[in-house]
Amino acid sequence: MNLINTIGWTLLHFLWQGTAIALLFAFANAFLQRRSANARYLAACAAMLLMVGCIAATLARLLPGTAPILMPRAVVHLAPIAFPATAFAPAATARAVTNWLPVFVYAWFAGVCVLAVRSLGGWLMVQRFRKTALHPAADIWQERLATLAHRLRVSRTVRLCESAIAEVPSVVGWLRPVVLLPASALTGLTPRQLEALLAHELAHIRRHDYVINLLQTAIETVLFYHPAVWWVGRRMRAERENCCDDLAVRVCGDVLGYARALARMEELRGQMPAFAMAADGGSLFHRVQRLLRNGESEGVSAADWLTAAGVTLCAVAVWAAPHLSGRSKAIPPPLPEPSLMRLAVQSSNANDMTMDVRRVLHRHPRMVHALTVAFVGQADPAPAAEPSPSPAPMAEETAQSSAHGFLAGLDSAGYRNLTVDQLIELKEYGVTPDYIRALQSAGYHPSVRELISLKQYGVSPDYIEELRKNGLNNLDIKQLVKFKMYGAQPSTIAAMRSAGYNLTPDQIVSMQMYGVTPELARKIKELGFGDPTPEQLIHLQMHGVTPEYATAMKQTGLKDLSLDALVRLKNHGAEPAQVREIEQLGFANLSIEDVLRLSNYGVTADYVRKARQHGFNNLTLEQIVKLKQYGILD
């Protein structure tokens, strides 16, 4: 066998090998859902390495002078003619496949070249990021990066540079890593948020993710034609980001703050080269959701298992049906009515069967028959000797009457010519003609999709009436769904109205989203900050400014303290206890700007005491900040 044929058969054999490895990884990943992200990441790495090992072993075995590799009978009959595997495939089939092997190999090689050029372009882009519009970051951030590196036990020297072309914090390089800090991050992120993202980038450096990503890209380039490789690669990248998230949270100690940093970074997000490790990788929604579950991935529920098992059994039954009857090509008999009715009732009542599977069963009666045969052995019509009792026709007539009533009710409500999928969805979510008529009486004429959304989120006519009693008379369907989605209660809206707030629908949604309550408004007002606006209350809650924080800051005696100043102080990490300690060291009459500058440069009461121990007893705040900025006492 020449080299082209050897490579061709190696690539074809990897089709079933890669699929088997992906299935093994899928099962392993399902069992590791409650474990750490690092365990799932190692499983993905093992699957990727196993794929490389399989294709290397196959190539070695197919080289001249080596033993052949046998192909499973269940897979497509592909095997070189000269090998004993032809026992599984007719000679004509093997010869035809062999004739097409050069075309397949040349197409594969062309694809590898295209992806290799694309990867080379990404690598050149990374080099541009490392050399263009780059200058060292401020000393204060160099110091914070060194502190974070020490906590994460990063032994290599890491450069921190400000970049004019990078969009998000990212790390490039392996032996001499460089953390790129975009200019927008310095102004758009608070110091604590930026520290959290720097910790994420240092986690990439500690785990050697840059070089691993290079190897992964090389594997995906060579084995690009197999979807399983890309799927395992996507899972590998997602778990890599999860691992770095866990390390960053462990260093920062604030899950909610880190989640807010990710959300804020999403607003600054841009497209980074594939070889740059940035904190914006993966799905932001799933990453934040996992962090808020204390680092645990969502487990595989019983519904997921049953659905997967049902689909698998359907596929196996459809594949096996023509084989079970030998050479017979007869079409399976139609499913008897009692079994079909029983299966339909069980399917409609089972909460663990998803809508998509039900549609498949509805559209493919042969699949239903095959599945029934797989479970029962054969369809079970009523025996001829035992005629059906008289109530059965009555029950069937009642069911037909009920279905006729549902369709007639939809028709009378103006919903005509609906598709089968739309009818199934309306039934699935419990949308009845009475519910539709009640909405129409309230002045709403929703589409089928809007009806399902209203019912799914529990928007009832009574809820609409309660909202109207509170002055919300012109809400559209999207606003109603948002109200229910975020838990806006008519009683809360009434309490806010009694406190003097005539809120718009958007303000109600925002206040409910961030947990603004009438109690919060009352406490802030009692602190002497006047009547806070809805926007001010939302900003206070969004940035974590509690009444207790506002009270403690007010007791420090800061001048010109306002609600906006409280938000700025909280964002920059200023704490009342630190302000009081610095005041007790002789720095009275601090302004808001003084506290913000001290907090930004990390000047604490302990640092002031340290400066005085070195003989600097009469320094001004400006001089102390300069000492900290240039690291004179370090």
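Q507 contributes atom CD, which lies 12.0 Å from atom CD1 of I493 (distance to the nearest 0.5 angstrom). Rounding to the nearest 0.5 Å gives a distance of 12.0 Å between CG of L198 and CD of Q193. Note: E239 CD to R40 CZ = 4.0 Å, rounded to the nearest 0.5 Å. Interatomic distance, CG of L472 versus CD1 of I508, reported as 4.5 Å (0.5 Å rounding). Considering CG of L563 and CG of L527, their distance stands at 9.0 Å, rounded to 0.5 Å. Distance CD/E466 to CD/Q489: 10.0 Å, rounded to 0.5 Å.
Residues L426 and Y415 fail the side-chain proximity criterion, which asks for heavy atoms closer than 4.5 Å. A 4.5 Å side-chain heavy-atom check between H204 and R240 finds at least one atom pair inside the cut-off. Using a 4.5 Å heavy-atom cutoff, the side chains of L475 and P505 are in contact. Side chains of T19 and H226 form a contact here, defined as non-hydrogen atoms less than 4.5 Å apart. In this structure, P461 and Y444 have side chains that are not in contact, with every pair of non-hydrogen atoms separated by 4.5 Å or more. P576 is not listed as a side-chain neighbour of Q555, based on a closest heavy-atom distance of 4.5 Å or more. For the pair R235/F25, a side-chain contact is recorded, criterion being any heavy-atom separation below 4.5 Å from C-beta on. Counting heavy atoms from C-beta on, the side chains of L407 and L423 come closer than 4.5 Å.
Not one N or O on the side chain of S599 forms a donor-acceptor pair closer than 3.5 Å with the backbone of L596. When atom types are taken as modelled, the side chain of Q479 and the backbone of D476 share a donor-acceptor pair closer than 3.5 angstrom. Judged purely by atom type and a 3.5 angstrom limit, R468 uses its side chain to pair as donor or acceptor with the backbone of A442. Side chain of R437 to backbone of A413: no donor-acceptor contact under 3.5 angstrom is found.
Applying side chain to side chain contact (heavy atoms under 4.5 Å, CB included) to Q536 and the options D564, V567, L566, V516 leaves one that passes, D564. Screening I424, I452, L451, L454 for a side chain to side chain contact (heavy atoms under 4.5 Å, CB included) with Y429, the sole residue that qualifies is I452.
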As a quick check of understanding, evaluate side-chain contact (heavy atoms from CB on, under 4.5 Å) for V459 and I464, giving each step before the final call. CA-CA 7 Å; V459 179; I464 298 174; 4.1 Å; yes

Test salt bridge (charged side-chain N to carboxylate O under 4.0 Å, His left out) applied to E241 and R237, step by step: CA-CA 6 Å; E241 295 301 322; R237 287 186 171 89; over 6 Å; no

What's the verdict on side-chain contact (heavy atoms from CB on, under 4.5 Å) for D245 and H200, showing C-alpha distance, side-chain angles and the deciding distance? CA-CA 6 Å; D245 287 342; H200 180 99; 3.1 Å; yes

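A pairwise comparison of heavy atoms in P490 and N470 identifies O-ND2, 3.6 Å as the closest pair. A203 and L247 get closest at one heavy-atom pair: CB-CD1, 3.7 Å. The shortest heavy-atom contact between Y41 and C243 is CB-SG, 4.0 Å. In plain terms, the two heavy atoms of W231 and A22 that are nearest each other are CZ3-O, 3.7 Å. Here the closest non-hydrogen pair linking G530 and P532 is O-CD, 3.1 Å. The two residues L561 and L569 make their nearest non-hydrogen contact at CD1-CD1, 3.9 Å.
No more than 12 heavy-atom neighbours from other residues, nucleotides or ligands sit within 6.0 angstrom of OH on Y486. Enclosure of atom NZ in K570 by more than 12 non-hydrogen atoms of other residues, nucleotides or ligands within 6.0 angstrom is indicated. A 6.0 Å sphere centred on OH of Y514 holds no more than 12 heavy atoms belonging to other residues, nucleotides or ligands. More than 12 heavy atoms of other residues, nucleotides or ligands sit less than 6.0 Å from atom NZ of K484. The number of heavy atoms from other shown groups lying within 6.0 Å of CG (N474) does not exceed 12.
Ion pairing between a basic and an acidic side chain is recognised when a charged N comes within 4.0 Å of a carboxylate O; E593 and R568 show such pairing. Salt bridge absent: E465 and K469 never bring a charged side-chain N and a carboxylate O closer than 4.0 Å.
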